[in-house]
Amino acid sequence: MTTPQTTPPPGTFEILHADASSGARTGRLWTAHGPIETPVFMPVGTQGTVKTLEPRDLTENGVQVILGNTYHLMLRPGVSIVEACGGLHRFMGWGGPILTDSGGFQVFSLANLRKVRPGGVEFQSHIDGTKFFLGPAEAMAIQRGLGSDIAMCLDECPPYPCDPQTACQAVDKTLSWAALCKRQARAPGQLVFGIVQGGEYAPLRERCARELVAIGFDGYAVGGVSVGEPEPVLLREIDDGVRHLPVARPRYVMGLGDFGQMVASVACGVDMFDCVMPTRHARNGTAFTRHGSFPVKAGEYKLDTRPVEEGCGCYACRHFSRAYIRHLLNVGEILGVRLLTIHNVHCYMGFFREMRAAIAAGAFETWRREFAAKRQEQRGAGSGES
RNA sequence: GGUGGGGUACUCAAGUGGUCAACGAGGGCAGACUGUAAAUCUGCUGGCUAACGCCUCCGAAGGUUCGAGUCCUUCCCCCACCA
């Protein structure tokens, strides 16, 4: 345990254990709100809340860092309000690290409501149609106002498939915006990460990564993945990006939430992930377990008195049955989605804790093989139950 | 006893001669979801079939018609009002 006097400055990234047979490593990234043990999974809290969870639920379930979103928070309640309320941490009552996305993903997901221009993106609010502009300066100013620990550069996230010309233009824009983001003022101790784009084109990924490194950031993300491409393409894109990023800096793959894909990424040297999967799937009735997922809403669980995941120590699994949670979900009771969210987040956190322990013990490859085997077995069994 | 209204699939509820195995909603079932416009969305939901398709079906029984959920007759049941 590090004492306060010796707390390293934000941005310090300690690599604790490097795996001998892969790129996997465990590390500790220091932020203004404390350290983050990596590899880490960051639940998504777009609008200043990880949907259905209280900050103490996050803490109790081992969450270290969460996401917030520039686009959504600038629309509602507006940065000035968050700022006036003491910044995002105080506003939402979360004392741990927060990473804010720049709105770059909304360039992709709100495609029909925006226009990408050289200097930034013109959005039309999905709420009331109001037009506004988000450029590098705006994105950084908002993230500064929110007071996040890690700010992301504004990037252009093109869809898949994407022709080389379009991908190249997205890279150019992303790079020029990154250079501008780097120059903006930051909140005290705030880190800034650059984002590698380039679609499925390795040379573009490489160029983007190298130029970002030349600009110099506290960490680097691989973006524009899991936007519809097949898994082999996705994994290649990640590898193509990560391999040109400095070993000494944290690497983050944006939007990845599949266990197998994340393990493969860790093997490539990735340290950070975020995804809506555990939380959104919970709200839609799907439970995650270490070795697969299953729809709790399915009729086959109506009399199942076992916990969602046997052996799980989360509050939902300690106190409630699949049958009960299924019932809650089917009648639309809010507690159902909350309990399942608690479980899914707990499951993700446990999975990463296990993975970190395996890497630290020098057993990553063994652990990885066992994980793959169990997962395969589970697939064969047909569902997550047993 | 009289008058009026009504009985349609798991439920509610459209449909008044063929385009009806039957609108719609709910429920049920299945699937999807990867930097959250998502407690959302999609599909199926009479039986048999992998499918083409076949069979049964709109309170019951008869009838009219080339053809009836729809028209006619009788019967059964429900509701409202009047006695």
Side-chain angles (χ1 to χ4, degrees), chain A residues 41-53 65-73 75-76 98-114 123-129 139 143 148 150-157 160 174 193-197 221-231 234-235 237-238 252-262 264-265 270 272-286 288 293-302 325-326 328-341 344 348 383:
Chain A
F41 180 84
M42 310 180 280
V44 177
T46 303
Q47 311 202 77
T49 168
V50 176
K51 296 183 195 297
T52 79
L53 299 186
V65 45
I66 62 170
L67 251 70
N69 187 285
T70 298
Y71 168 84
H72 292 280
L73 291 170
L75 288 186
R76 290 186 302 193
I98 299 175
L99 180 151
T100 42
D101 189 21
S102 59
F105 183 70
Q106 280 62 48
V107 175
F108 162 76
S109 66
L110 270 44
N112 54 329
L113 289 172
R114 54 71 175 159
F123 280 103
Q124 224 178 323
S125 160
H126 68 278
I127 299 154
D128 61 7
Q143 295 183 84
S148 59
I150 303 173
M152 299 303 299
C153 286
L154 182 66
D155 65 326
E156 183 183 358
C157 179
Y160 178 91
T174 296
F193 281 24
I195 304 173
V196 179
Q197 289 291 344
V222 175
V225 300
S226 65
V227 288
E229 72 277 33
E231 186 171 275
L234 180 154
L235 295 176
E237 289 170 340
I238 292 168
Y252 161 31
V253 174
M254 309 186 78
L256 214 61
D258 176 88
F259 282 179
Q261 292 167 2
M262 290 191 291
S265 301
V270 175
M272 304 165 70
F273 301 92
D274 80 280
C275 192
V276 301
M277 233 186 230
T279 47
R280 179 186 290 170
H281 279 229
R283 275 176 276 117
N284 295 341
T286 296
F288 284 99
S293 61
F294 68 97
V296 183
K297 288 193 286 189
E300 62 179 296
Y301 305 111
K302 71 177 81 169
I325 293 176
R326 171 181 182 275
L328 293 178
L329 294 171
N330 281 337
V331 297
E333 280 293 344
I334 197 166
L335 182 60
V337 300
R338 177 166 148 71
L339 290 176
L340 202 49
T341 302
N344 281 354
Y348 267 62
S383 79

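Note that the structure is predicted; figures quoted are calculated from it, not measured. Every chain is numbered from 1, with letters handed out A, B, ... down the list of sequences.
Taking for each of Glu333(A) and Met152(A) the nucleotide of RNA chain B with the nearest heavy atom, the 5'-most of the two is the partner of Met152(A). Residues Val331(A) and Cys153(A) both approach RNA chain B. Their nearest nucleotides, taken by heavy-atom distance, put Val331(A) toward the 5′ side.
Rounded to a whole angstrom, the distance from the C1' atom of rU73(B) to that of rC82(B) is 28 Å. Separating the P atom of rU70(B) from that of rU16(B) is a span of 12 Å, rounded to the nearest Å. Between the P atoms of rU65(B) and rA14(B), the separation comes to 32 Å (whole Å). Taking atom C1' in both rC23(B) and rG31(B), the straight-line distance is 25 Å, to the nearest Å. Comparing the same atom, C1', in rC66(B) and in rG2(B) gives a spacing of 42 Å after rounding to whole Å. Comparing the same atom, P, in rG43(B) and in rA25(B) gives a spacing of 11 Å after rounding to whole Å. rG62(B) and rA30(B): their C1' atoms are spaced 44 Å apart (whole Å).
Of the listed nucleotides (rG31(B), rU34(B), rG35(B)), rG31(B) has the atom at the smallest distance from the side chain of Pro295(A). Taking every side-chain heavy atom of His126(A) into account, rA37(B) is the closest of rC33(B), rA37(B), rC29(B). Closest approach to the Cys275(A) side chain among rA39(B), rG35(B), rU36(B) is made by rG35(B) (side chain taken as heavy atoms from C-beta onward).
rC12(B): Watson-Crick or G-U partner is rG24(B), with both key distances under 3.5 Å. Of all nucleotides present, only rC79(B) satisfies the Watson-Crick or G-U wobble test against rG4(B), with each distance under 3.5 Å. Under the Watson-Crick or G-U wobble criterion, with both distances below 3.5 Å, rU40(B) is paired with rA32(B).
Of all heavy-atom pairs spanning Val44(A) and Val276(A), the tightest one is CG2-N, 3.8 Å. When all heavy atoms of Ser265(A) and Leu256(A) are compared, the pair lying nearest together is OG-CD2, 3.4 Å. Contact record, Thr341(A) with Lys51(A): CG2-O, 3.8 Å, taken as the closest heavy-atom pair. Scanning all heavy atoms of the two residues, the minimum distance from Tyr71(A) to Gln124(A) falls at OH-O, 4.1 Å.
Residue contacts for Thr286(A): at a heavy-atom cut-off of 4.0 Å it reaches a base atom on one of the strands shown. At a threshold of 4.0 angstrom between heavy atoms, the contacts of Ile195(A) include nucleobase atoms, whether or not backbone atoms are also involved. Among the heavy atoms of the strands, none lies under 4.0 Å from Glu231(A). When heavy atoms are screened at a 4.0 angstrom cut-off, Leu234(A) is found touching no nucleic acid atom at all. If you check every strand for non-hydrogen atoms under 4.0 Å, Gly332(A) touches nothing. Using a 4.0 Å heavy-atom cutoff across all strands shown, Asp274(A) reaches sugar-phosphate atoms only and no base atom. Using a 4.0 Å heavy-atom distance criterion, Asp128(A) is classed as making no nucleic acid contact. Across all strands, Leu67(A) comes closer than 4.0 Å only to sugar-phosphate atoms, never to a base (heavy-atom distances). Using a 4.0 Å heavy-atom criterion, one finds that Ile127(A) contacts no nucleic acid atom at all. When heavy atoms are screened at a 4.0 angstrom cut-off, Ala298(A) is found touching the sugar-phosphate backbone but no base atom.
When rounded to the nearest whole Å, the span between CG of Leu99(A) and C1' of rG35(B) equals 9 Å. In this structure, the CD atom of Glu237(A) is 15 Å from the P atom of rG35(B), given to the nearest Å. Across the protein-nucleic acid pair, Phe105(A) atom CZ and rU36(B) atom P stand 6 Å apart, rounded to whole Å. We find that CG of Leu256(A) is positioned 13 Å from P of rC33(B), with the value rounded to whole Å. Following rounding to the nearest Å, Glu300(A) (CD) and rA30(B) (C1') show an atom-to-atom distance of 11 Å. Straight-line distance from the CG atom of Leu329(A) to the C1' atom of rG28(B): 15 Å, rounded to whole Å. Going from atom CG of Asn69(A) over to atom P of rU34(B) covers 15 Å, rounded to whole Å. Atom-to-atom, NZ of Lys51(A) to P of rG35(B) comes out at 12 Å; the value is rounded to the nearest Å.
The base of rG35(B) sits within donor-acceptor range of the side chain of Asp155(A), with an N or O pair under 3.5 Å. Contact annotation: side chain of Thr279(A) to base of rU36(B), donor-acceptor pair present below 3.5 Å. At a cut-off of 3.5 angstrom, the base of rU34(B) holds at least one donor-acceptor pair with the side chain of Gln261(A).
Side-chain N/O atoms of Gln106(A) include one lying less than 4.0 angstrom from OP1 or OP2 on rA37(B). Between Arg280(A) and the phosphate of rU40(B), there is no side-chain N or O to OP1/OP2 separation shorter than 4.0 Å. One finds a side-chain N or O of Thr46(A) lying less than 4.0 angstrom from the OP1 or OP2 phosphate oxygen of rU36(B). Checking the phosphate oxygens (OP1, OP2) of rC41(B), no side-chain nitrogen or oxygen of Arg283(A) falls inside 4.0 Å.
Going from atom CG of Asp258(A) over to atom CZ of Phe288(A) covers 8.0 Å, rounded to the nearest 0.5 Å.
Ring planes of His72(A) and His126(A): perpendicular class, angle over 60° (limits at 30 and 60°).
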Exercise for the section: Apply side chain to side chain contact (heavy atoms under 4.5 Å, CB included) to the pair Glu300(A) and Phe294(A), showing each step before the final yes or no. Expected result: CA-CA 11 Å; Glu300(A) 62 179 296; Phe294(A) 68 97; over 6 Å; no

Exercise for the section: Would you sort out whether Gln197(A) and Thr174(A) count as a side-chain hydrogen bond (donor to acceptor under 3.5 Å, both in side chains), showing the intermediate values? Expected result: CA-CA 7 Å; Gln197(A) 289 291 344; Thr174(A) 296; 5.3 Å; no

